[in-house]
Amino acid sequence: MVKFGMIGGGMMGEALISRLVAQKMFVAEDILVSEPLPARREFLANQYGIKVTANNSDVAIADVLLLAIKPQVFDTVTQEIAPTLQQQSQVTSLVLSILPGTPLAQLEVAFPGRAVVRAMPNTPATVGAGVTAIAVGIHTQPHHIEQAQQIFAAVGEVVQVPESMMDAVTGLSGSGPGYIALVVEALTDGGVAVGLPRAIAAKLAVQTVKGSAQLLQEKNLHPAVLKDQVTSPGGTTIAGIAHLEQSGLRSALIEAVRAAYQRSQELGR
Ligand SMILES: NC(=O)c1ccc[n+]([C@@H]2O[C@H](COP(=O)([O-])OP(=O)(O)OC[C@H]3O[C@@H](n4cnc5c(N)ncnc54)[C@H](OP(=O)(O)O)[C@@H]3O)[C@@H](O)[C@H]2O)c1
């Protein structure tokens with residue numbers, strides 16, 4: 001019996017599997033992953049003790065099925081597994097999809113009658129520090145939503161949104177790691193510009209971003225409160241902030257989210 005099936009054993013799929021097994025949400029032997037690359041199958045089986053197959057239809061009968069393929073192969077994969085889905089008498093399974101730009105309506109055509117949850121995780125999920133937005137389909141019951149939340153909670157935080165907000169989620173948390181990478185790189189360059197060795201500057205930059213985020217989160221601080229706390233009159237931080245305001249940091253980030261949101265809408269059309 002396959003309790004958890006996954007089609008596509010790539011980077012994001014592995015991140016989920018590794019944590020689902022480590023957190024004992026599923027027993028490794030109850031997990032089956034289909035993946036075309038033999039070396040990748042062998043790696044996943046050896047590393048996590050899970051079962052692997054080259055045949056996507058074997059996985060289609062899982063209680064919970066996660067689609068972790070690229071959207072480009074969605075049609076091929078769903079046509080391949082359609083006969084198996086039709087033969088399946090019980091239609092109680094939960095289908096989770098992390099495919100960007102693939103709407104619930106399209107998923108529900110491919111998985112008729114199934115509870116479907118569309119999810120958008122982000123890259124920090126690969127180290128267990130992601131945030132995943134989920135939107136639920138028309139056949140989803142409260143227990144399905146709870147199960148989906150528990151599964152994605154294995155790789156970070158989970159929020160539920162209406163599907164209409166998925167492009168906005170993509171613009172913020174989906175693309176956000178890219179924005180923050182730029183911030184860390186620029187802070188590092190700033191440190192180098194004022195005389196720090198690059199390795200030390202890089203460590204200071206990444207830990208400052210991580211620590212500030214952790215502080216905001218753990219103390220549930222509004223960002224303005226933290227900013228006020230660290231700006232002494234006539235001090236160094238307010239001098240830096242004045243420069244950031246003059247350079248339009250806030251509007252640059254707001255417009256970055258808007259641009260990514262619009263691009264996500266375009267790609268989904
Ligand atoms: N990584 C992220 O941070 C992130 C965030 C949000 C959403 N996503 C989405 O999550 C999905 C997976 O992302 P990823 O980063 O894990 O990508 P990935 O590493 O490329 O994984 C996709 C996997 O699917 C396999 N595959 C290709 N064709 C297949 C087929 N016909 N049947 C079964 N498996 C097939 C690929 O195998 P081969 O290597 O042999 O081609 C690969 O192992 C994508 O849709 C991505 O956009 C990713």
Side-chain angles (χ1 to χ4, degrees), residues 2 4-20 31-48 50-62 65-85 95-104 106-107 110-111 116-135 148 151-159 161 163 165-181 260-261 263-264 266-268:
V2 182
F4 189 86
M6 188 170 81
I7 302 187
M11 193 177 69
M12 186 56 77
E14 182 188 349
L16 270 158
I17 292 284
S18 64
R19 284 177 174 76
L20 292 174
I31 297 178
L32 179 65
V33 175
S34 65
E35 159 65 38
L37 217 63
R40 185 75 187 150
R41 284 200 299 275
E42 197 183 326
F43 167 79
L44 292 170
N46 291 339
Q47 187 74 17
Y48 303 109
I50 58 170
K51 294 180 184 152
V52 289
T53 175
N55 185 353
N56 291 328
S57 298
D58 293 346
V59 184
I61 47 139
L65 173 64
L66 172 70
L67 294 179
I69 45 172
K70 296 264 199 254
Q72 296 89 306
V73 294
F74 176 77
D75 286 340
T76 317
V77 168
T78 49
Q79 279 162 21
E80 200 181 315
I81 65 175
T84 309
L85 291 176
V95 179
L96 307 169
S97 163
I98 58 169
L99 275 61
T102 308
L104 283 167
Q106 196 179 343
L107 292 162
F111 296 92
V116 176
V117 171
R118 178 180 167 192
M120 169 55 70
N122 64 357
T123 315
T126 55
V127 292
V131 61
T132 302
I134 59 168
I151 287 169
F152 289 108
V155 290
E157 303 280 331
V158 183
V159 295
V161 297
E163 187 177 30
M165 290 184 188
M166 274 300 186
D167 291 315
V169 166
T170 305
L172 175 51
S173 58
S175 302
Y179 314 154
I180 299 304
Y261 159 74
R263 185 69 185 133
S264 178
E266 281 167 18
L267 291 173

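Order of appearance sets the numbers: ligands from 1, and atoms from 1 within every ligand. These numbers come from the heavy atoms of this one structure, side chains and all, not from hydrogens, waters or symmetry mates.
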Side-chain heavy atoms of Leu107 within contact of Val95, under 4.5 Å
no
Can you list the atoms of ligand 1 that are under 4.0 Å from a heavy atom of Gly9?
43 (O)
Where the side chain of Arg41 meets the backbone of Glu35, is there a donor-acceptor pair that is under 3.5 Å apart?
yes
Can you name the atoms of ligand 1, numbered from 1 with element, that are less than 4.0 Å from a heavy atom of Val77?
30 (C), 31 (N), 32 (N)
If we number the atoms of ligand 1 from 1 as shown, the ones under 4.0 Å from a heavy atom of Asn122 are 3 (O)
Check whether more than 12 heavy atoms from other residues, nucleotides or ligands sit under 6.0 Å from atom CD of Glu163, and answer yes or no.
yes
Assess Thr76 for proximity to ligand 1: is some non-hydrogen atom of it under 4.0 Å away?
no
Indicate yes or no for a side-chain donor-acceptor contact from Asn56 to the backbone of Ile81 under 3.5 Å, with no hydrogens or angles considered.
no
With a cut-off of 4.0 Å, which atoms of ligand 1 are near a heavy atom of Pro100?
9 (C), 45 (O), 46 (C), 47 (O)
Ranked by distance from atom 1 (N) of ligand 1, the top protein heavy atom is Met11 CE, 3.2 Å
Should Leu20 and Tyr48 count as side-chain neighbours, where that means a heavy-atom distance under 4.5 Å?
no
Glu42 atom CD, neighbour heavy-atom count above 12 within 6.0 Å:
no
Looking at Asp75, is its backbone amide N or carbonyl O close enough to the side chain of Thr78 to form a donor-acceptor pair, meaning the two atoms are under 3.5 Å apart?
yes
Which is closest to atom 18 (P) of ligand 1 by heavy-atom distance: Arg41, Glu14, Met12, Lys70?
Lys70
Should Thr123 be counted as touching ligand 1, given the test is an N or O pair under 3.5 Å?
yes
Using a 4.0 Å cutoff against the non-hydrogen atoms of Ile7, which atoms of ligand 1 qualify?
33 (C)
Taking atom 7 (C) of ligand 1 as the point of reference, which of Thr170, Ile98, Thr53 owns the nearest heavy atom?
Ile98
Taking the side chain as C-beta and beyond, is there a heavy-atom pair between Ile17 and Ile50 under 4.5 Å?
yes
For ligand 1, is there an atom lying under 4.0 Å from some heavy atom of Arg40?
no
Ranked by distance from atom 21 (O) of ligand 1, the top protein heavy atom is Gly10 CA, 3.2 Å
Do Phe4 and Ile151 come within less than 4.5 Å of each other through their side chains, counting heavy atoms only?
yes
Candidates Gly13, Pro36, Ala15; heavy atom nearest atom 35 (C) of ligand 1 found on Pro36
Protein heavy-atom contact under 4.0 Å for atom 40 (O) of ligand 1?
yes
Reported CE-to-OG1 distance for the pair Met165 and Thr170, which is rounded to 0.5 angstrom:
13.0 Å
Rounded to the nearest 0.5 Å, the CG atom of Asp167 sits from the CZ atom of Arg263 at a distance of 11.5 Å
Contact atoms of ligand 1, heavy-atom distance to Glu35 under 4.0 Å:
25 (C), 36 (C), 37 (O), 38 (P), 39 (O), 40 (O), 42 (C), 43 (O)
CZ (Phe74) with more than 12 external heavy atoms under 6.0 Å:
yes
Atom indices of ligand 1, in the order listed, that fall short of 4.0 Å to a heavy atom of Pro71:
45 (O)
Which part of Asn56 is near ligand 1, with near meaning a heavy atom under 4.0 Å away: side chain, backbone, both or neither?
side chain
Where the closest heavy atom to atom 22 (C) of ligand 1 is concerned, which of Gly8, Ala68, Pro124 has it?
Ala68
Selected option - heavy-atom contact closest to atom 5 (C) of ligand 1, from Gly130, Ser173, Pro121:
Pro121
The one among Val59, Ile69, Leu99, Val155 that brings a heavy atom closest to atom 44 (C) of ligand 1
Ile69
